Novice: 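Quick one: structure below, then a few questions.
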Amino acid sequence: VYQRMARGQLRLVYIAPERIRDAALIEALRNTKVIQIIVDEAHCVHMWGHNFRPDFLKIPSLFPDKRPPMAALTATATKETRAGIADALGLSESFELVTKSVDRPELKLIVYNNRTAPERIDHKPDKLRILLKILHTAQQRDEIALVYTATVRQAEQLYRQLNLYGLQVRCYHGRMNTQAREEVQELFREGIVKIIIATKAFGMGIDKSDVRYVIHYDVPGDLESYFQEIGRAGRDGLPARAVLLYAPEDRALQEWFIENNVISFQELHQLYDVLGSGKNGIV
């Protein structure tokens, strides 16, 4: 591929951020005329660049001398995220912001909770009862459904339960090995498996236009994630449903995630003491 790049035989080349470490890629780029850089799913630069996948922050270093024009694309970016993307990618202050309405008239947003009689959710078991009704209907109609859970444990448990009820489903999460994940993605792309139970790890790069249901079995962590995930339904422009199954105790899980994702005052104080002492080679 690198040789074909240098010979000018390729119009498009896709790379993962981690590929930037490859010296062979850097050498190939030196001998290739690149006219445009596109950063897809650009919110990941802001969300993951500083910890989970730091190679996102190395994208600007690909062209240290004269950088080609760059475009950053994302379906979900708050004002803060936009600023973070621009800063991380080294966009000029005069960059052009192009936005599109988030209105998706083909999507019907539905919430089941403790006030939606007769299908009320007073406790977690009620969610499974409603989910079974929806998925049995989807399977009878040969429709495609994505069901999102907040944890790997919940995804695996729900997968086992739905199989026992006779539904043809597959599970997907980040702890599966690469071969298993790729197998599920391929089965889904080819339409062999039509119901996927997954964590938020599923979806990026999966552009299937005829998803009729995106169901959140657990409340998402934020509105941006919710919009990103329900946006995978109805891309063919036909009616689709985004369903949220909400039990009163669901909020506690997301609060736990938030609390454990932020450094405590005690930890911050300990860090301050270590930095101030100059011990262990830290200055």
Side-chain angles (χ1 to χ4, degrees), residues 75-76 104 107-141 143-176 180-181 184-185 187-188 193-204 206 208 210-235 239-258 260-261:
T76 49
R104 293 277 305 279
L107 289 184
K108 184 175 183 179
L109 276 61
I110 303 166
V111 177
Y112 290 97
N113 56 29
N114 58 4
R115 300 187 302 274
T116 52
E119 299 290 358
R120 291 167 55 95
I121 298 179
D122 292 313
H123 304 288
K124 282 197 172 185
D126 296 327
K127 295 202 293 185
L128 179 60
R129 172 176 51 80
I130 295 173
L131 178 64
L132 284 168
K133 286 187 177 182
I134 297 172
L135 293 183
H136 275 303
T137 298
Q139 187 165 283
Q140 289 168 3
R141 296 176 178 174
E143 294 177 326
I144 295 172
L146 298 179
V147 182
Y148 282 104
T149 66
T151 65
V152 170
R153 180 181 178 183
Q154 180 67 81
E156 292 181 339
Q157 179 184 354
L158 196 57
Y159 163 70
R160 290 190 293 268
Q161 288 175 314
L162 295 177
N163 267 295
L164 290 173
Y165 281 100
L167 289 162
Q168 298 176 1
V169 303
R170 291 296 292 267
C171 183
Y172 185 102
H173 55 73
R175 293 185 191 171
M176 297 165 59
R181 293 200 307 270
V184 174
Q185 290 176 348
L187 291 171
F188 178 71
V193 172
K194 296 184 181 294
I195 301 175
I196 300 290
I197 313 300
T199 63
K200 62 182 179 181
F202 185 84
M204 285 202 183
I206 304 294
K208 194 162 178 61
D210 55 347
V211 176
R212 298 273 72 86
Y213 297 89
V214 170
I215 304 165
H216 282 88
Y217 197 74
D218 299 306
V219 63
D222 52 67
L223 283 173
E224 287 72 38
S225 298
Y226 179 66
F227 180 73
Q228 181 88 16
E229 289 157 12
I230 67 171
R232 290 162 189 154
R235 290 184 175 181
R241 291 172 172 81
V243 182
L244 174 62
L245 305 177
Y246 180 75
E249 58 265 43
D250 287 349
R251 178 173 174 148
L253 178 61
Q254 293 301 336
E255 289 176 343
W256 184 87
F257 283 144
I258 292 170
N260 284 270
N261 196 41

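All values below come from the heavy atoms of this structure, side chains included, with hydrogens, waters and symmetry mates left out. The structure presented is a predicted model; accordingly, all values stated were derived computationally and were not measured.
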Novice: Show the nearest heavy-atom pair for residues L244 and P220, with the distance to one decimal.
Specialist: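 Scanning both residues, the minimum pair turns out to be CD1-CD, 4.2 Å.
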
Novice: Starting from the C-alpha separation in whole Å, work towards a yes-or-no answer on side-chain contact (heavy atoms from CB on, under 4.5 Å) for T137 and R141.
Specialist: CA-CA 6 Å; T137 298; R141 296 176 178 174; 3.6 Å; yes

Novice: Is it the case that the side chain of H123 and the backbone of P125 share a donor-acceptor pair, with hydrogens and angles ignored and the cut-off at 3.5 Å?
Specialist: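 No, because the side chain of H123 does not come within donor-acceptor range (under 3.5 Å) of the backbone of P125.
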
Novice: Quick check for you: to the nearest 0.5 Å, what is the distance between F202 atom CZ and H173 atom NE2?
Specialist: 13.0 Å

Novice: Find the distance between CD1 (I130) and CG (L132) and round it off to the nearest 0.5 Å.
Specialist: 10.5 Å

Novice: In terms of relative ring orientation, are Y226 and H216 parallel, tilted or perpendicular, with 30° and 60° separating the classes?
Specialist: tilted

Novice: Within a strict 4.5 Å, meaning less than it, do heavy atoms of the T149 and I197 side chains meet?
Specialist: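 Side-chain contact under 4.5 Å: yes.
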
Novice: Hey, are the side chains of V243 and V214 touching, using non-hydrogen atoms and a 4.5 Å cut-off?
Specialist: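 No, too far: nothing below the 4.5 Å cut-off.
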
Novice: State the CD1-CD distance between I230 and Q228, to the nearest 0.5 angstrom.
Specialist: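 Spacing of CD1 (I230) from CD (Q228) equals 10.5 Å.
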
Novice: If you take all heavy atoms of A240 and A233, which pair is closest and at what distance?
Specialist: CB-CB, 3.9 Å

Novice: Identify the heavy atoms of I121 and P248 that sit nearest to each other, and give their distance.
Specialist: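 Closest approach of I121 to P248: O-CD, 4.0 Å.
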
Novice: Compare every heavy atom of Q168 with every heavy atom of Q139, then report the nearest pair and how far apart it is.
Specialist: OE1-N, 3.0 Å

Novice: Does the pair V193 and V184 meet the rule for a side-chain contact (heavy atoms from CB on, under 4.5 Å), with working shown?
Specialist: CA-CA 8 Å; V193 172; V184 174; over 6 Å; no

Novice: Could you check whether atom CZ of R129 has more than 12 heavy atoms from other residues, nucleotides or ligands sitting under 6.0 Å from it?
Specialist: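 Yes.
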
Novice: Check whether any side-chain heavy atom of I134 sits under 4.5 Å from a side-chain heavy atom of I215, and report yes or no.
Specialist: yes

Novice: For R115 and Y246, does a side-chain donor sit closer than 3.5 Å to a side-chain acceptor?
Specialist: no

Novice: Considering only heavy atoms from C-beta outward, does the side chain of Q154 approach that of T151 to under 4.5 Å?
Specialist: yes

Novice: Between the side chain of R241 and the main-chain N/O of K108, is any donor-acceptor distance below 3.5 Å?
Specialist: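 The answer is no, because no donor-acceptor pair under 3.5 Å joins these two groups.
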
Novice: How close do F188 and K208 get, counting heavy atoms only, and between which atoms?
Specialist: O-CE, 3.2 Å

Novice: Given 3.5 Å as the limit, does a donor-acceptor pair link the side chain of S225 with the main chain of G221, or not?
Specialist: no

Novice: Grab the two heavy atoms, one from P239 and one from R212, that are nearest each other, plus how far apart they are.
Specialist: O-NE, 2.9 Å

Novice: Just how far is it from atom CG of L245 to atom CG of L128, taken to the nearest 0.5 Å?
Specialist: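 The CG atom of L245 sits 10.0 Å away from the CG atom of L128.
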
Novice: Decide yes or no for I196 and R170: does some side-chain heavy atom of the first lie under 4.5 Å from some side-chain heavy atom of the second?
Specialist: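 Yes - at least one pair of side-chain heavy atoms lies under 4.5 Å apart.
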
Novice: Taking the side chain as every heavy atom from C-beta outward, state whether Y148 and R232 have any pair of such atoms under 4.5 Å apart.
Specialist: yes

Novice: What distance separates N113 CG from D122 CG, expressed to the nearest 0.5 Å?
Specialist: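 Between N113 CG and D122 CG, I get 9.5 Å after rounding to 0.5 Å.
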
Novice: V169 versus N163: any side-chain heavy-atom pair under 4.5 Å?
Specialist: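 A side-chain contact exists here, since the closest heavy-atom pair is under 4.5 Å.
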
Novice: For residues I195 and I144, determine if any side-chain heavy atom of one lies less than 4.5 Å from a side-chain heavy atom of the other.
Specialist: no

Novice: Once rounded to the nearest 0.5 Å, what's the spacing between atom OH of Y172 and atom CZ of R181?
Specialist: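 That separation rounds to 5.0 Å.
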
Novice: I'd like to know if D218 and K127 make a salt bridge, using a cut-off of under 4.0 Å between side-chain N and carboxylate O.
Specialist: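 Salt bridge: yes.
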
